[in-house]
Amino acid sequence: MPLRVFLGVTFVYAGLDKLTDSAFLSATGAGSIGELMRGVRDTSAIPAMVDLALKAPVGFAVTLAIGELLVGLGVLAGLLTRIAAIGGALISLSLWLTVSWAVTPYYYGNDLVYLMAWLPLVLAGAPYLSLDSVIRSRRSRRTA
């Protein structure tokens, strides 16, 4: 449960922070997604992935922010938790392979840590204090 709350709040905050930051939601300029992606392109593990994002940087930023928001809300509510956790893990993996790939030593980069933190929720879901558990309980009562 503490991991769900931490990851959920963090991803909701990250999504809202991006959606409300007009500088971030720009193709160019200081603090923009475009500037960030151009800055990490040559040091990322998958430059082609960065190039793809640079074709529509604002659309990519909005998609990323909405993804973070949905993942965070899903994990906090415990609704489709494993699917939300897979989404969180994929977001963290993509950020690790692009934005924080060149961080040295590797343990200073937080995206790898987030990726690993998602894995218990991918494997176990949210068996307690979750909408998933309420749904599962109602289904078992109907079949009994």
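For the numbers below, each heavy atom of this structure counts, side chains included, while hydrogens, waters and symmetry mates do not.
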Over all heavy atoms of both residues, which pair between Gly125 and Thr81 is shortest? Give the atoms and the distance, please. C-CG2, 3.9 Å
Could you grab the distance from atom OG1 of Thr63 to atom NZ of Lys18, nearest 0.5 Å is fine? 12.5 Å
Taken to the nearest 0.5 Å, the spacing of Met1 CE from Ser130 OG works out to 8.5 Å
Would you say Leu90 ends up clustered with Leu95 if hydrophobic residues are merged whenever their side chains have heavy atoms under 4.5 Å apart, either directly or through other cluster members? no
Grab the two heavy atoms, one from Ser32 and one from Ser26, that are nearest each other, plus how far apart they are. CB-O, 3.1 Å
Spacing of CG belonging to Leu129 relative to CG belonging to Leu76, to within rounding of 0.5 Å: 12.5 Å
With sequence neighbours excluded, tell me which residues meet salt bridge (Lys or Arg N to Asp or Glu O under 4.0 Å) with Arg41. Asp51
Compute whether any side-chain donor of one residue and acceptor of the other, for Arg136 and Ser140, lie under 3.5 angstrom apart. no
May I ask whether Leu25 and Leu54 are part of the same hydrophobic cluster, defined by side-chain heavy atoms of I, L, V, M, F, W, Y residues being less than 4.5 angstrom apart, directly or through others? yes
Shortest non-hydrogen contact from Ser100 to Gly109? CB-CA, 4.4 Å
Aromatic rings Phe11 and Tyr114: how do their planes relate, parallel, tilted or perpendicular, breaks at 30° and 60°? perpendicular
Closest non-hydrogen contact found for Pro127 with Ser133 is O-CB, 3.4 Å
Please answer: with hydrophobic residues joined when any side-chain heavy atoms are less than 4.5 Å apart, are Ile83 and Leu70 in the same cluster? no
When clusters are formed from ILVMFWY side-chain contacts under 4.5 Å, directly or step by step, what else is grouped with Met116? Ile46, Met49, Leu93, Trp96, Leu97, Trp101, Val103, Tyr106, Tyr107, Tyr108, Leu112, Leu115, Leu119
Is there a donor-acceptor pair closer than 3.5 Å between any side-chain N or O of Ser92 and the backbone N or O of Gly88? yes
Can you see which heavy atom on Leu7 is nearest to which on Ala117, and at what distance? CD1-O, 3.7 Å
Judged by atom type as modelled, is there a donor-acceptor pair below 3.5 Å linking the side chain of Arg82 to the main-chain atoms of Leu121? no
Mind checking the CZ-CD spacing from Arg38 to Glu35? Nearest 0.5 Å is all I need. 5.5 Å
Residue pairs passing the ring-ring contact (aromatic ring centres under 6.0 Å, His included) test where at least one lies in residues 33-91, sequence neighbours excluded: none
Between Ile91 and Leu3, is there shared hydrophobic-cluster membership here, with clusters defined by ILVMFWY side-chain heavy atoms closer than 4.5 Å? yes
Output for pair (Leu64 CG, Leu19 CG), nearest 0.5 Å, gives 9.0 Å
If we ignore hydrogens and angles and just use 3.5 Å, is the side chain of Thr104 paired with the main-chain N or O of Ala102 as donor and acceptor? yes
I'd like to check Leu79 versus Ile135 (side-chain heavy atoms, cut-off strictly below 4.5 Å). Are they in contact? yes
Would you say Ile66 ends up clustered with Tyr13 if hydrophobic residues are merged whenever their side chains have heavy atoms under 4.5 Å apart, either directly or through other cluster members? no
Verify side-chain contact (heavy atoms from CB on, under 4.5 Å) between Val71 and Trp118, making sure each step is shown before the conclusion. CA-CA 11 Å; Val71 162; Trp118 284 112; 3.5 Å; yes
